[in-house]
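When a ligand or atom number is given, it counts from 1 through the structure's own listing order. Just the heavy atoms: all of them, side chains too, but no hydrogens, waters or symmetry mates, feed the values below. Bear in mind that the values here come from a model prediction, so they are computed numbers and not experimental data.
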Amino acid sequence: MSALTATTTPRRDRHSRRWLARYGDWLARHQPIVRRVQWVVVGAYMILLIVPAVLPLPGNDAHALDNFTVFAQWAFWGLWWPFVIASMFVMGRTWCGVFCPEGTLTEAASKVGLHRAPPRWLRWGGWPFVAFVLTTLFGQLVSVYQYPKAALLVLGGSTVAAIVVGYVYGREKRVWCRYLCPVSGVFNVLARVSPVAFRIDRDGWDRNAGHVPIHPINCAPLVRIKHMTGPSECHMCGRCSGHLGAVELAARPPNREVATLPLAKASGWDAALIVFGLIGVALGAFHWNASPWFVSLKLAAADFAIDHGMTWLLTADAPWWVLTHYPESNDVFTWLDGALIVTYIGVTALVVGGAVSLFLLLAARAGPAPRLRHGMRLAYALIPLAGIGVFLGLSSLTVTLARAEGITTSAVPALRALLLAAGAGWSLWLAWRQLADVPRATARWAALVAFAGAVALTVGAWGLLFFHWAR
Ligand code: SF4
């Protein structure tokens with residue numbers, strides 16, 4: 001189907017290209033099958049989300065194979081969420097385009113809805129960052145990983161919002177995914193190191209336009225296909241594969257996009273999401289529960305509240321949809337708990353994110369002006385480490401669940417250390433490649449040392465959690 005050829009590449013490379021291109025073409029030809037898969041995922045998602053919320057909470061001795069709530073916890077938080085993050089490093093945003101239930105539902109709603117054009121406020125570039133931060137904070141306040149009603153509220157709320165946005169905006173489009181989804185920004189940056197992407201042959205496109213039959217392509221996430229240069233916005237749905245004989249799924253060097261990112265394409269919102277979101281907020285969200293500093297802060301704040309007549313802060317009368325409230329499990333948050341969780345995560349994000357930003361700006365001083373933009377571009381080099389950190393944080397629930405099932409987890413510390421080392425090494429290599437435009441070798445090395453400060457800080461913060469607090 002695809003007319004693209006690679007005549008000068010090694011045989012093995014050509015073979016993998018053919019294999020990938022065939023997969024892309026298969027997706028294009030078999031969209032009815034893809035749609036069926038998507039609706040099966042929607043059905044499974046609904047069952048896993050709704051049924052546990054109406055069942056009684058599981059006892060301490062419940063297991064995945066004899067309790068549906070524990071099974072759903074495994075499915076959502078133990079496997080689905082960490083491995084969706086991991087999949088971005090392997091197949092880009094295939095999750096979004098082929099499996100994501102919210103994507104399916106918002107697109108279906110958009111088919112029958114009002115078909116309005118997305119207004120300017122909705123297209124604001126800061127939504128992915130803001131939505132990620134707010135969802136993470138709210139998820140921690142209601143203990144989304146632990147309780148089915150909280151999962152229904154957070155995930156179900158997001159799904160309802162996706163359907164409403166789909167109903168109002170676009171025509172068979174995924175306006176929600178493109179602009180508002182709380183994890184679209186995360187997927188967007190992680191997919192930048194994906195080893196596969198739909199590659200566009202612009203010359204072939206121009207050559208063939210008007211000479212071959214054209215089948216209109218509905219690109220649901222609103223990608224300008226002809227001008228696409230990477231997989232960050234592409235949902236890998238495959239609908240455009242083979243279009244005009246100029247679109248082909250192909251392997252690519254996973255480092256190239258970040259290593260050669262033009263300065264003008266470095267976005268402040270992406271940099272903020274990587275440094276303050278994926279590193280800072282994520283660290284705060286996974287730290288607070290294990291942190292002895294949080295306990296000390298809580299004791300000091302409780303004393304202060306009592307001494308100053310603010311005992312209402314110590315009451316636990318907030319409903320479960322505002323703060324965690326499960327007296328039957330001896331798990332209730334006071335108003336003080338809620339305030340301290342938000343404070344702890346916020347301060348961690350600002351301190352770690354601020355320090356990482358300073359290291360990046362220091363590294364950027366070695367390069368030519370504009371230095372702020374150089375610093376923003378260097379933030380992209382942290383993508384592997386940031387993504388691996390989030391994967392490890394999310395998979396800590398997988399480890400907890402595995403231990404409860406009696407599965408041995410003795411290899412976990414070594415695997416964590418290995419993954420953190422791989423993320424650190426990968427990020428350092430990306431930064432080194434980005435710093436190729438620094439004129440002098442000594443300045444390039446000095447910039448790498450400054451960048452290594454950001455890497456060391458991030459690795460140290462995850463290490464503190466995994467190897468000191470929560471062993
Ligand atoms: S560019 Fe659009 S149509 Fe093509 S694979 Fe990506 S999401 Fe699908």
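At the top of the distance list for atom 7 (S) of ligand 1, counting protein heavy atoms only, stands His235 N, 3.2 Å. In terms of protein heavy atoms, atom 8 (Fe) of ligand 1 is closest to Cys237 SG, 2.3 Å. The single protein non-hydrogen atom nearest to atom 5 (S) of ligand 1 is Gly238 N, 3.3 Å, given as residue, atom name and distance.
Under the 30°/60° scheme for interplanar angles, the aromatic rings of Phe76 and Trp80 are found to stand perpendicular.
In this structure, Asp270 does not pair ionically with Lys265, as no charged nitrogen and carboxylate oxygen lie closer than 4.0 Å. Taking a cutoff of 4.0 Å between a charged side-chain nitrogen and a carboxylate oxygen, Glu257 and Arg433 do not qualify as a salt bridge. Between Glu233 and Arg224 there is no salt bridge, since none of the side-chain N atoms of the basic residue sits less than 4.0 Å from a carboxylate O of the acidic one.
Counting the atoms of ligand 1 from 1 in the order shown, those under 4.0 Å from a heavy atom of Phe198 are 5 (S). Taking every heavy atom of Met228 and a limit of under 4.0 angstrom, the matching atoms of ligand 1 come to 1 (S). Applying the 4.0 Å criterion to heavy atoms of Cys219 picks out, from ligand 1, the atoms 1 (S), 2 (Fe), 3 (S), 7 (S).
Around the CH2 atom of Trp321, the shell of radius 6.0 Å holds no more than 12 heavy atoms that belong to other residues, nucleotides or ligands.
Although no hydrogens or angles enter the test, the distance criterion places a donor-acceptor pair under 3.5 Å between the side chain of His287 and the main chain of Ala461.
Considering each of Ala197, Cys234, Cys96, Gly97, the one bringing a non-hydrogen atom nearest atom 6 (Fe) of ligand 1 is Cys234.
With 2.8 Å as the limit, Cys240 counts as an N, O or S neighbour of atom 4 (Fe) of ligand 1.
Contacts of Pro221 with ligand 1, taken as heavy-atom pairs under 4.0 Å, involve the side chain alone.
Trp176 places none of its side-chain heavy atoms less than 4.5 Å from the side chain of Tyr169.
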